[in-house]
Amino acid sequence: MHSKRRKVESSSHSDTNRHDEQEALGKWQVTPVLDDDVMSDKVMLLDVYVDKVTDPKHTSRLIRDLNALCPIPSLQHLKRVSKLGMILNLAPEEETPEICLQKLKDWGLDTAGLGCEPRRLQVPAVPPRTRRQYEEAMKLWPCNFHENRYLEKVLSGKLFDDTDRLEQQKYMTKCLEAARYSSESGGAGVGALVVDPAKKQIIAIGYDDRGRYHLKHAVMVAIDLVSHSHGGGAWTEEARSRYSHGSPGSSDPVLKTGPYICTGYDVYVTREPCVMCAMAMVHSRVRRVFYGCPSPHGALGTTIKLNTLKCLNHHYEVFAGILESECKNILTTCPKNSVVNF
C-alpha cells in the first residue's frame, strides 16, 4: 500500500517538474549572434552601365563577347542580361556613358543589337547570403543564390525544438549553481560548463574565482579543467578552482582521449564572455557557445562579435539569452567588492 503511494507521489512530483520546466521555456528565447552582414536586409549597391538590347537575336553573342572582352569578376553573382538591359561595365564616377561605350568599341565589341545609349544603374554589389537578402536583390537585378538551409533555420528560430531547449535550460541551470557559488566565494558571480553534445555529457564545470587570481574567469577555469584531463592545465592542484558535478573540488573532469582540447564540445556560460575568454574558446576549438545575459565588455555580441571575424583560424557558433533573467539576477546579488565588469 505504501509502495503504491510512493509511486503515485513520485509520478506527481515528476509531472510537476516537467510542467515547471516547460513553463520556464516560455520566459526566454535563444538568439543567434551572427555577422552583421547576415542579419541585415540592406543590399549593398554598385553603379554599372546598362544598355538596352534592341535585337534579341544578338543577345547570346553579346553576352559571350562582353564576358571575354570585359569580364567583371566581382559581379559573378549577377546575370549579365535582364529585362532592364545588359550590363556593359562598371561605372566609376569620373566616367561618362560615351567613354564607356567607346572603350568597348576600342576593345573590339560589335555593338550590333545594342541601343548604344548606356545609362547608369545600381545593382547588388555582393552575393546575397540569406533568402531575405536574395528577395531584396532580385527587386534590383536578377542574381544567383545558393540557399544555406542551416543558416535559414538559425535565422527563422527553428534550429532548436523544445527538447533541445530543455537540454540547454538544464545545462544553464548547472551554470547558475556554479555562478551562485562564485558569488558566495567572492568571485564575479559567473559559472561555465563544457558539454559533449554527442554524448549529452557534462565534461567540466568552472566558476569565476578572480577574487583570488584575476585570470580565473569561469570560462578559463572550465577550459583548464578540460586541458587537465589531457594531462595539462595551467594551474596547480592547490591553486585550481573547481566546481565539478556537485560541489567545488569534489571530482575530476571527465578524461578525454581524442581531438584537441574542446573540439566538438559546447560551452555554456551565464554571462557573455570577455575577449580573453572568447579567444581561449577559439584556441581550444569549441564548437558552440551558449550564454545567458550580455556583459558591458562582452566580446560575443556587445562590443564585438569575435566569433564572426574572418581573420581567425577557427569559428564557433554563438547563441544568447538562455535563462537571461536568472543570469542577470546572479550578477545583481554579487558582493559590491566583486569585479564583475571585466
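No hydrogens, no waters, no symmetry mates; every other heavy atom, side chains included, goes into these values.
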List the atom pairs, with distances to 0.1 Å, where a side-chain N or O of residues 274-285 and a protein N or O form a donor-acceptor pair under 3.5 Å, not counting sequence neighbours.
residue, atom, partner, partner atom, Å
Ser284, OG, Ala280, O, 2.8
Arg285, NH1, Val282, O, 2.9
Arg285, NH1, His283, O, 3.4

Review point. Judged by atom type as modelled, is there a donor-acceptor pair below 3.5 Å linking the side chain of Asp35 to the main-chain atoms of Val38?
Key: no

Exercise for review: Keeping the roles fixed (side chain from His77, backbone from Pro124), state whether a donor-acceptor pair exists under 3.5 Å.
Suggested key: yes

Review point. Do the side chain of Arg165 and the main chain of Trp28 share a donor and acceptor less than 3.5 angstrom apart?
Key: yes

**Study point:** Other cluster members, Phe145 - Ile/Leu/Val/Met/Phe/Trp/Tyr, side-chain contacts below 4.5 Å
**Key:** Tyr134, Met138

Point to revise | NZ/NE/NH1/NH2 to OD/OE distance under 4.0 Å, Lys170 and Glu167 | key: yes

Side chains of residues 104-118: which donor-acceptor partners sit under 3.5 Å, not counting sequence neighbours?
residue, atom, partner, partner atom, Å
Asp106, OD1, Gln102, NE2, 2.9
Asp110, OD1, Ala112, N, 3.1

Cut-off 3.5 Å, no hydrogens considered: what does the side-chain donor-acceptor table look like for residues 40-48, sequence neighbours left out?
residue, atom, partner, partner atom, Å
Ser40, OG, Lys42, N, 3.0
Asp41, OD2, Arg132, NE, 3.3
Asp41, OD2, Arg132, NH2, 2.5
Asp47, OD1, Gln122, NE2, 3.4

Point to revise | Among Leu121, Val53, Val123, side chain to side chain contact (heavy atoms under 4.5 Å, CB included) partner for Leu84 | key: Leu121

Practice item. Could you tell me which residues satisfy side chain to side chain donor-acceptor pair (under 3.5 Å) with Arg80, sequence neighbours excluded, listed by chain and number? Key: Asn67

Review point. For Lys79, what residues pass the side-chain contact (heavy atoms from CB on, under 4.5 Å) criterion, not counting sequence neighbours?
Key: Trp141, Pro142, Asn144

Check your understanding: With no hydrogens and no angle check, is any side-chain donor or acceptor of Thr302 less than 3.5 Å from a backbone partner on Ser295?
Key -> yes

Review point. What about the rings of Phe319 and Tyr291, do their centers lie closer together than 6.0 Å?
Key: no

